[in-house]
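Remarks on the structure that follows.
Atom set for the values below is all heavy atoms of this structure, side chains included, hydrogens, waters and symmetry mates excluded. FYI, the numbering just counts along the sequence from 1.
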Amino acid sequence: MEAMEKSNKSNAAIVMEDAVGLLHVQAKNTETKEINICYSSNHAMAVESQSDMNTNCSRSIKISKEAFHKSRLENNGTAFVGVLLFRNMINMNETKNYTVLNNEVYGITMRAKIYNLTENIDMFFTHNDKVGKASCSSWDGKGELKWTTSGCETEINNTIKCSCSHLTFFAVLMSPPDVNSTVPDLETLTFITSIGCGISMFFLAVALFMHFLLRKAKSNQATKILMNMFVALSLLNVSFLSNESVANTGDNAACVFIALLLHYSMLASFTWFFIQALHMYLWLIRQNVSITNYMRKITVLGWAFPVPIVIAIASVGEYTTVILKATSGKISRMCWITNSYIHYIVNIGYYALVFVFTTGIFITILTKIVQARNIKATDGKRKTFRKQLMMVLSLFLLFGLTWSVAFFSYGPMLIPSYYIFTVLNSLQGFFLFLYYYHIHNDVAGSFSDDPDSTDSTTTIAQSSINAEENIYH
């Protein structure tokens with residue numbers, strides 16, 4: 001400091017074996033300024049505004065005017081700050097209950113007692129080795145090492161911001177992540193799901209392209225319902241595939257949004273499974289049912305029903321980051337619901353209701369078709385078996401009955417049910433595309449055989465009961 005005064009310098013760098021820092025002095029009778037201290041890889045520098053900071057600054061500290069005023073009061077009018085970054089602090093915690101972010105501890109002094117600031121000292125850190133929950137902590141430098149979060153606030157976005165009302169030693173402590181669950185074969189299941197969802201997304205996009213740009217004029221109520229289901233499943237696949245990437249950013253707002261979108265699209269998909277079964281019941285079992293504004297009503301039901309549910313869950317803050325741990329020890333993150341009660345009541349409970357209804361309609365339709373087939377003559381056992389198999393698989397997909405595999409994920413069936421559920425539901429979009437393509441060609445053929453037909457939905461319903469060619473449509 002004496003050398004700095006003689007040479008009228010305001011800044012001096014400090015470089016030691018395991019520490020790097022900066023001394024900054026604001027002389028008597030000079031303007032008191034807020035200072036930002038920027039740390040790059042090997043040195044520190046002081047700048048007067050954050051806009052002047054180098055983009056290479058991986059860590060920075062902002063010293064407020066209020067702190068400099070207090071320093072002047074105890075240093076004969078001269079304001080002083082010394083900042084040191086201590087490296088290689090990996091062995092500070094013997095109990096291993098936490099780790100020190102980047103193995104770095106910061107010491108800040110202003111040759112004065114600085115506490116209860118209204119304009120806090122702000123420290124910004126990148127988190128290259130961020131694992132777990134970050135908390136800004138301080139130690140007074142006396143006696144046994146005891147970190148405390150008192151006097152510091154932690155804010156996490158793309159960086160970690162520590163805002164503290166006093167000066168001493170500071171570090172960002174990373175506590176181990178709270179693992180929500182350990183999932184067997186997590187990495188393998190994730191890989192299968194990613195591939196399956198990617199394939200489904202492609203074929204769902206092709207089906208939507210074919211409908212909206214090529215065949216929209218030919219669409220009937222059954223096709224419109226199917227297209228709405230395709231849109232819901234597309235949203236589900238997109239939100240699921242992007243979920244882990246969003247969770248890894250640490251952006252809480254983005255995590256809440258992607259969790260809400262994933263949950264909404266899942267509930268919407270369940271609702272369209274219900275609507276699909278309801279439509280088949282009305283047109284194949286009841287028949288000749290007339291409902292005013294039928295498509296408008298079921299469209300509102302399909303897309304509006306999940307809205308109040310997800311809004312209510314978001315309002316109570318239940319969408320957040322979920323930590324999943326593989327048996328290999330690898331940690332994965334996703335944005336989802338952490339409250340198990342909400343998950344079981346809303347998700348499992350709602351799907352259970354849909355499952356009971358769709359299963360009832362599924363059995364009713366099968367019974368109706370078997371009765372109709374007993375009256376008709378068959379063209380051959382192989383053809384009959386193929387069509388029966390296609391019919392069963394198609395109804396399973398349309399009603400979302402493949403999701404019921406989750407009910408068996410207990411005990412010895414746990415691992416097999418995980419794989420069956422993952423394969424069937426990640427590829428659901430692909431199977432539904434094949435169904436859509438197949439029925440479109442067959443229905444087009446039925447139209448060409450009956451050019452005078454004016455009600456396509458009635459035609460499909462009637463042919464589904466009476467005609468071998470369209471038995472599973």
Can you list the residues that meet the side-chain contact (heavy atoms from CB on, under 4.5 Å) rule with [X], with sequence neighbours excluded?
{"X": "M295", "value": "Q221, K224, I225, I298, T299"}
{"X": "K113", "value": "E74, Y115"}
{"X": "I311", "value": "V307"}
{"X": "S242", "value": "I258"}

Return all side-chain donor-acceptor pairs below 3.5 angstrom for residues 189-199, not counting sequence neighbours, or 'none' if the list is empty.
from : atom 1 : to   : atom 2 : distance (Å)
T190 : OG1    : L186 : O      : 2.7
T193 : OG1    : L189 : O      : 2.7
S194 : OG     : T190 : O      : 2.9

Going by the ring pair (Phe, Tyr, Trp, His ring centres under 6.0 Å) test, which pairs reach into residues 305-331, not counting sequence neighbours? H263-Y319, F305-Y350
Qualifying residues under ring pair (Phe, Tyr, Trp, His ring centres under 6.0 Å), relative to [X], sequence neighbours excluded:
{"X": "F399", "result": "none"}
{"X": "F240", "result": "none"}
{"X": "F355", "result": "F407"}
{"X": "H24", "result": "F68"}

Can you name the side-chain hydrogen bond (donor to acceptor under 3.5 Å, both in side chains) partners of S315, sequence neighbours left out? none
Looking at residues at least two apart in the chain, or sitting in another chain, which of them share a disulfide (SG to SG under 2.5 Å) with C162? C136
Give me the one residue out of I37, I160, I108, V83 that meets side-chain contact (heavy atoms from CB on, under 4.5 Å) with M123. I108
